[in-house]
Each structure stands twice: as structure tokens, then as C-alpha cells.
Number of protein chains: 2
Amino acid sequence: MKNTIHRIALIGFGTVGQSLAKIIAAKNADLKQLRHTELRIVAIATPGKGSLYHPDGLDISALFTALEKDGTFAGYPDSAGLERGMDNLPLIRDTNADTVVEVSHTDMNSGQPALDHCRTALAHGKNVVTSNKGPVALAYADLSALAAANGVRFLFESTVTAGTPSLRLARRALAGNEITEMRGILNGTTNFILSEMEAGKSYADALAQAQSLGYAEADPTADVEGIDALAKVLIIANTVMGCALKKDEISCRGISHLTADDIAAAKAAGKRWKLIGQVKKAGGQTTASVQPVLLPLSDPLAQVMGTTNAVTYRTDLLGDVTLIGAGAGGIETAAGLLADILAI
Amino acid sequence: MKNTIHRIALIGFGTVGQSLAKIIAAKNADLKQLRHTELRIVAIATPGKGSLYHPDGLDISALFTALEKDGTFAGYPDSAGLERGMDNLPLIRDTNADTVVEVSHTDMNSGQPALDHCRTALAHGKNVVTSNKGPVALAYADLSALAAANGVRFLFESTVTAGTPSLRLARRALAGNEITEMRGILNGTTNFILSEMEAGKSYADALAQAQSLGYAEADPTADVEGIDALAKVLIIANTVMGCALKKDEISCRGISHLTADDIAAAKAAGKRWKLIGQVKKAGGQTTASVQPVLLPLSDPLAQVMGTTNAVTYRTDLLGDVTLIGAGAGGIETAAGLLADILAI
């Protein structure tokens, strides 16, 4: 059987983009054998490392060799047909890529520049796969309509719980069920902090540890105030539960007000505080929130510790279905991108 | 957009078949609107209730009205084109059904009569959807090759963890990952007995309660000795992990030797006995077992209580991914059949 060649343009080449490239290099032989599919990275655009395009595909190991030298693609070997220095939008529009993988550094409030990248790609008949929450949280309806109008796909498994397939579970595997409620631990940083506080740390010490391990940023606001979880609630509600929620319709409270005493009191009562994102549909009404919730230990979500994420869907036929897995990480996020690419 | 009509022949009309008919009746309006698909039950064959075939579809509410009268289809109203009394194999072969849903009462050792039903349907170009473990555990390779040769599908989500999509999660949603290990609580009856024993009951009392609630049969051997879990281990290993295991290559020990003292000692040590089905691939070798395992409470599987089932897949990219949900029940099993039908 002849292999299908699937050509990819990467917009952004940070941790996630590099992880995807490494996975593709490692898995291509298996993909050819098992799925008769060959993945080729034909183009990469970055703000600081340069950009490369070759219609026959780039050599992944040569990319990393070049980066090791001076952190840019300057040392990537020349060859007939190689183009350097294309800007993002021409590289999205005018290369032979079938799919644009959008993993640029993006502002969560505006969704830019990822939003423009997605629009341009879809409008020019390219599939889009992204791990950027912004475009999905802010413009899912527009972008999915644009994809449908151009006969291409817009996929974004990695925007929620990294590659742990919480969206594909709901969209595909639970087909035929109506999902009436979702409750999830959607932010690993806050779950790590709460776990450390239960082990005896103060909020400040637990946060400092999360920062030193790279789980929390220097400004931890987006995590600890629930803003990151809120974006994921929005994505789940609008993309798999058929809602049309807007950001300001979701009530949001983080964990920064919880004290060591609160955590200890919960523990003494056989319960546990978790930062829970929730969407509930009942009687034609949808309510959604992000807030700390005191869970009994018998709740599967109460047992999810550290940076692990989890989602419980309540369904009409199957009752509760819970998925637990990694919620962050370069490889784990790239795994979701790969699953999306293979689904195309 | 015009609706696609999908015609179904049901082989068997016990709890699961009846649940599927009720779900189809309840969901058809939604399926037409959301998926432009209309499901029609055109034929039903049963050993005791009779059999019916109408190429334009049977009236589901009239089926139940007839059953309420005398437990058979005798009272189902006559109409032009209705055929009564067809045998199983002609009804599988010679009706206009696109898909045969095989939910007959079947012997686990021989896989019959379901195995013959599946073979006949696939050989005659009909998709097969089944909740019968026998054909999948015993003849997956043959049946999937027969399906491929005839351009149809052979699907069986409900054979493991009822409709909780443990197979589709692995086959579809985890695409791109290599699954190196599976550990699961695959039998709800034994998990219920172990949960009750931890609450203070003896093995005999817990078993008696499981029997009185209808979770365990009068002869509980298949559940308590691990035979049911073994069939599911075989299905997971061979259908989603690429193994070619045979039944007698899986070591199997049930829970009937566990005493109240064993359970109490585990509890005192902060651990919990669970009947775990496991498949592990390492260094070209595959090992598989069903046995009671003493789990630390931090293991997500340790927290799964009562009749609930759970599966943890260990993957190369995502680490551990755990799915928790219902493992039995008429509606829950029928939900898996429906998901398979919609996947076709």
C-alpha cells in the first residue's frame, strides 16, 4: 500500500513544537508501517530562530543540530528548493503544507497572533491543529464555521488536559450520549499547590515550590486565580457540550484565599479542597464556574493529586465517566497535536 | 440535508437488546437533527419471543406493547411486507439490514451461537456490532479480517466495561501513543464484593448480597474466579494492544480465597485488594494476568469502589491515562452498541 504523505507547517518552535518534531522523527517508521502515513515537516516559522521552508520536507535532526549551535536555524544546511526567512502569513498561505500546527506564543486575552494564523490557514484551505487556548476559547464558532466552509479541519485536543484526550473522549467515544454536566481539575499548578498544602506547606511555600519546579510562572495569577481553568471550561462547554458561553458568563474564583487552616480542616473532616471547573446544563439553562470545592474523598476527582488533571462527564446513558491523566508538559501536549494530525 | 437511514437487525432481545430499542426510540429525533442519521430496527430474531422483519422498519413501541401482552411478538400488528418466524441465519443474511447487532445469549467457552452469527453477517457484507465477549475473545483476528475483506466493520465496544469507552479511548483517542501496559478493574461483581468486605462483611455474605442485587449469578464462578475478567483482558490485549494472546497464556486467579482478615490487614496497612487484569509488553515479551493485587490508596484504581470499572493505560507519550465508569447494566451496555452503530 502506498503511503499518504501529510505535510505540516509549524508556527512556533518552542518546547511544544520541538517535542512534536522529536516525536515525528521517532515515530515516522511506525506510522508508515501501521498507518501508511508519512508525516513531513515542510515549514517552520519562529519569531527568533528564523524560518525555513522546503516543499520536500525539512530534516528534523539537522534542525536540532542547527539550534544547538547558536539557537537559530542559521546553520541548517542549504539545499536546492530551501527558502529562508518567510514571514508567518506567507508561510501559512503559500507553502504546500496540508496542515498548519499553531504553537506560537500567544496572548490569552486577545488570542493573538494565533487567532490570525488560524484564520489565514483555514481561509486558504489548510487544516489547523493548535494547542493555543486563545483562538478556541474566543472564536470557536467562527473558526469551525470557516473550517467547514473550506472543507478542512480545526482540531485542538491539546488545549485542555494536554494530550490526555478529554475532548476526543466526549466528541467521539461518548457518541450517542448527552453530556449534561462536566466537572474537572483542569489546572495542574493549582492542584499541585493544594496537594503540597495538604502535606503541610503554607500557600506561599507551596507556590514557591511550584515556581521552582517550573509549574508556575513568575506571575502566577493566570493559574492561581482560576483564569487558565476558566479558558478550559469555556472550551469544553462550547466545543463538546453544545453551549455558546462567553468568558464573562463563567463565575471564577481561584485558590489564593485558601489557608493552611482551611486545608487542615477539610482533611480532618475526611474531605479535600479542589479547584473545580464546572459546566451544568439543566432545564434549558447553562451554568458554569471555576471555584474551590470541598469534595468527599469518595469522589474520583478528590483522589487526583499533584499536577495530574481529570474530567468527569455526567451522561444520560452511562452515568459518570471520568478520565484522569497528564495535564501539561511538552511531550504530553505534542501527543495531543499528533493525535489531531492523525485524525485528519 | 437528507438523512442517512441506517437499518439494524437485532439478534437477541433480552435486557440489552430491549435497552437499545428504547434508546433508539428516545434518541432518533435528536440523531436526525444533530447527525442527519435515522436508525431503523428492521428485524429482530429471538429464541423464545419469535422473530419479525419489515424492510421499512419495525414500530418500537408496538414491539413492547406486544411483549407486555404475552412475552412474545405474537401481538405485533400485521402489515403489508411484515414477515414472521424467520430463522436467525436467513434473517442475518437475507434482510436489508446494514448492521447486525448481535446480543444473543451466548456460551463463553464456544462463543456460540454468536460466533456463527457474526461470521454469517460479515461474510454477507453486513457490519457487526456486538456486546458478546465470546466471538471477540476467541476469534478477533479471523472476524476482523473477514470484515475487512467484505468492506464492513466489526465493532464491540460493549464487551469491555459496558459502554464506558475503554476500547475506543485506546483505539482512537490515544492515536499516536504506544500502549505498553494495561491494568484494569474489569469485573464489577468482584469489585462490589471486595468493597463490601472492606465495609465489614464476610466473603460469603458479600457474595450473597451481590447475588440478591442481581450482580452475581447463582453460579458465581465466572465472576469470582476471574474468568469474566480474563476474557476482557484477552479482548484489550488483542484488539487495542496488538497482541495475539490465547486464553491459556493468561494466568488467572480470582478472589474466592480472600478472607475478611486479608481485607482488614490491607486496610490497616493503608492499602486495598483489587482484582486486577493486566497486560504488559516489554522487550518483545507480553505477559498477562488476572489476580488480586494489593494497591496503595494513591493508585487511581484503588479508589474505584462498588460495581464501577476502570482501566489505566500506560503510554509512551502521555504516561498513565485512566478511565473510570460503569461496567455493566442494560442501558450502559446498549450505550456502547449505539456508539458503535454511530461510528459505522
Side-chain angles (χ1 to χ4, degrees), chain A residues 19 23-24 26-27 30-31 34-35 39 157 161-178 242 297-306 308 310 312-313 315-326 329 331-343, chain B residues 19 23-24 26-27 30-31 34-35 39 157 161-178 242 297-306 308 310 312-313 315-326 329 331-343:
Chain A
S19 296
I23 293 173
I24 288 174
K27 296 231 170 198
D30 275 357
L31 292 174
L34 300 174
R35 297 177 161 262
L39 302 182
E157 181 64 69
T161 66
T164 302
S166 50
L167 300 180
R168 193 154 277 125
L169 175 72
R171 285 165 79 104
R172 299 283 167 205
L174 294 176
N177 283 271
E178 190 191 351
L297 295 185
S298 58
D299 189 312
L301 296 182
Q303 302 294 342
V304 175
M305 304 301 280
T308 305
T312 299
Y313 292 109
T315 68
D316 58 344
L317 301 178
L318 283 171
D320 284 358
V321 178
T322 299
L323 185 70
I324 303 172
I331 294 285
E332 292 83 350
T333 304
L337 299 171
L338 176 64
D340 282 345
I341 293 166
L342 294 176
Chain B
S19 295
I23 292 173
I24 288 174
K27 296 231 169 197
D30 275 358
L31 292 175
L34 300 174
R35 296 173 162 265
L39 302 182
E157 182 64 68
T161 66
T164 302
S166 49
L167 300 180
R168 193 154 277 125
L169 174 72
R171 283 164 78 103
R172 300 281 169 209
L174 294 176
N177 283 271
E178 190 191 351
L297 295 184
S298 58
D299 189 312
L301 296 182
Q303 302 294 342
V304 174
M305 303 302 279
T308 305
T312 298
Y313 292 109
T315 69
D316 59 342
L317 302 179
L318 283 170
D320 284 358
V321 178
T322 299
L323 185 70
I324 304 171
I331 293 286
E332 292 83 351
T333 303
L337 299 172
L338 176 63
D340 282 344
I341 294 167
L342 293 176

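Naming: A, B, ... by sequence-line order, numbering from 1 per chain.
The contact between A/D316 and chain B is made entirely by side chain atoms (from C-beta outward), counting heavy-atom distances below 4.5 Å. Contact of A/I341 with chain B is not made at all, since no heavy-atom distance falls under 4.5 Å. The contact between B/L323 and chain A is made by backbone and side chain atoms together, counting heavy-atom distances below 4.5 Å. With a 4.5 Å cut-off on non-hydrogen atoms, A/E157 does not touch chain B at all.
Distance check, rounded to the nearest 0.5 Å: CG of B/L338 to CG of A/L174 gives 11.5 Å. Note that CG of A/L318 is 5.0 Å distant from OG1 of B/T164, once rounded to the nearest 0.5 Å. B/N177 contributes atom CG, which lies 10.0 Å from atom CG of A/L342 (distance to the nearest 0.5 angstrom). Remark: B/D320 CG to A/I324 CD1 distance equals 10.5 Å, nearest 0.5 Å.
Heavy-atom pairs under 4.5 Å with chain A peak, among B/R35, B/Q303, B/R172, B/R171, at B/Q303. Comparing A/L317, A/D340, A/T333 by how many heavy-atom pairs each has under 4.5 Å with chain B, the most go to A/L317. Of the listed residues B/S19, B/P300, B/A175, B/G325, the one with more heavy-atom pairs under 4.5 angstrom with chain A than any other is B/A175.
Minimum heavy-atom separation, B/R168 to A/A173: CD-CA, 3.9 Å. Residues B/L169 and A/P165 share a closest heavy-atom pair of CD1-CG, 3.7 Å. Across all their heavy atoms, B/K27 and A/E178 have their closest contact at NZ-N, 3.5 Å.
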